[in-house]
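Working notes, structure below.
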Number of protein chains: 2
Amino acid sequence: MESNGDLDADLNKLEKARHRFISEIAKNVHLYGISPSVGRLYGTVFFSDKPMTLDEMSESLGMSKTSMSTGIRALYEANMVEQVWEKGVRKDLYKTEEDWYKSFSTVFITRWRNATEKNVTAIKETKSMLHELGETTSCDEIKEKVTRDLNRLTEAEAYYGWINDVISLFESGKIFDIVPKKQKVNT
Amino acid sequence: MESNGDLDADLNKLEKARHRFISEIAKNVHLYGISPSVGRLYGTVFFSDKPMTLDEMSESLGMSKTSMSTGIRALYEANMVEQVWEKGVRKDLYKTEEDWYKSFSTVFITRWRNATEKNVTAIKETKSMLHELGETTSCDEIKEKVTRDLNRLTEAEAYYGWINDVISLFESGKIFDIVPKKQKVNT
DNA sequence: AACTCTGTACAGTTTTTTCTGTACGAACTT
DNA sequence: AAGTTCGTACAGAAAAAACTGTACAGAGTT
């Protein structure tokens, strides 16, 4: 006990330092559509010396294996962790994606692309319903409303076109010509 | 009843068309950090002919005035609605922000800026804790872990620097030089 | 083929978020 | 000053999300 008293204290310090960052990730990871506790899972895997199994995560976080399974899947879909194979190891192994730029892009692209497409579809359908109404109605007041709505929806469409272009900027990687990746600088 | 039977049917059609778009907004507005039902509130105000009061929203959505109050505040903070003054009207009036580019930028900038700053602070603190540990510990194994963690945190710092630059791109409006706003095109 | 091990589907519980009704302060009217 | 009207703070109810334990299918081993 005397011989490794310092070691235990140091390991504790290490954990504390790591936890400082992990808890901050947990608080902010909602931007990636990830819940805080899955954010802690990410942080745990991030600081692990080697790829982790679901059982190790469960053990380390004191949470059920089921939660680890669903949590890891969420992280995987956000391109925030990746699976690793090791010869002779039957369990699934996961480590954090090292290219954070890629994780960011994946999340940003898939979420916004998906939303944009659906909204554009909705706009087109709404417009078509309004067009029909505008032609069949005999009430001038309604005609006016229809015209106004069609106008605003066309504006919305233009906006989504812009969003789409922004997404493409990230998807194509051209964003990195405009905003270059940073070199590591020691502070 | 015979004379305005068509009118009622047409008004119903108008509502249906509008609702097609509103329900899609409700489903996707979580990207702006807004809940679905507040998304419906947004949609309702969006299609309103004139700025709405809390009571009108409450009436129109069949929800409590309290919810309208908190919902509108959320939309206001996301720059998605704005307050309007009308002479002689005592109630607060709201309409949707017409510049969707601005709404997008506001949400994107404030949320990411805030998260980035906090994460960078956490990284710096974690690094300083690790530096101290690295100097005081006598265990080589721990020294190794510390070095590895410091390295990865420095990489993370670089990533946040990049995110920060991306945010600035939107904040300064330079994004519009690279991805121009779209003209309205009828489809 | 029987047995073991691993990941996940599913139902039920716990926790968190959203929503409502009451109550009250501030601003305006009489 | 007394009386309205309006928006929102707050506590409790309702709804949604997160988490767990059990159970089971599929792959690997013996």
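Letters go in sequence order (proteins before strands), and every chain restarts at 1.
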**Audit row: B:Ser138, B:Lys143, side-chain hydrogen bond (donor to acceptor under 3.5 Å, both in side chains) steps and yes/no** = CA-CA 8 Å; B:Ser138 53; B:Lys143 267 192 183 127; over 6 Å; no

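Seen from the ring of B:Tyr159, A:Lys182 does not count as a face-on cation partner, given the 6.0 Å and 45° thresholds.
Summarising the geometry, the separation between CE on B:Met57 and P on D:dC6 is reported as 14 Å, rounded to the nearest angstrom. One can place NZ of A:Lys87 at 17 Å from C1' of D:dG28, the figure rounded to the nearest angstrom. Separating the CG atom of B:Asp55 from the P atom of D:dG7 is a distance of 6 Å, rounded to the nearest angstrom. Rounded to an integer number of Å, the gap from NZ of B:Lys91 to P of D:dT8 is 13 Å. Distance CZ (B:Arg40) to C1' (D:dA15): 13 Å, rounded to an integer number of Å. The interatomic distance linking A:Tyr94 (OH) with C:dT6 (C1') rounds to 11 Å, in whole Å. B:Leu41 has its CG atom 12 Å from the P atom of C:dT20, to the nearest Å. Between the C1' atom of D:dC6 and the CG atom of B:Leu54 lies a distance of 9 Å, rounded to the nearest Å.
Considering only side-chain N and O atoms, A:Lys65 lies nowhere under 4.0 angstrom from the phosphate OP1 or OP2 of D:dT20. Within the 4.0 Å cut-off from OP1 or OP2 of C:dG7, not a single side-chain nitrogen or oxygen of A:Ser69 is found.
In this structure, B:Ser37 reaches the sugar-phosphate backbone alone: every heavy-atom distance under 4.0 Å involves primed, P, OP1 or OP2 atoms, never a base. Across all strands, B:Thr53 comes closer than 4.0 Å to no nucleic acid atom at all (heavy-atom distances).
Between the base of D:dG7 and the side chain of B:Thr66 there is no donor-acceptor pair shorter than 3.5 Å.
For B:Asn28, there are no side-chain hydrogen bond (donor to acceptor under 3.5 Å, both in side chains) partners, not counting sequence neighbours.
With salt bridges taken as basic N to acidic carboxylate O contacts below 4.0 Å, none links B:Arg148 and B:Glu144.
Closest to the side chain of A:Ser35, out of D:dC19, D:dA9, C:dT8, is D:dC19. The side chain of B:Ser64 lies closest to C:dT20, out of C:dT20, D:dA9, D:dC19.
Between A:Phe104 and B:Trp112, a ring centre-to-centre spacing shorter than 6.0 Å is recorded.
Looking at which nucleotide of DNA chain D each of A:Arg90 and A:Val38 is closest to, the 5′-most match is held by A:Val38.
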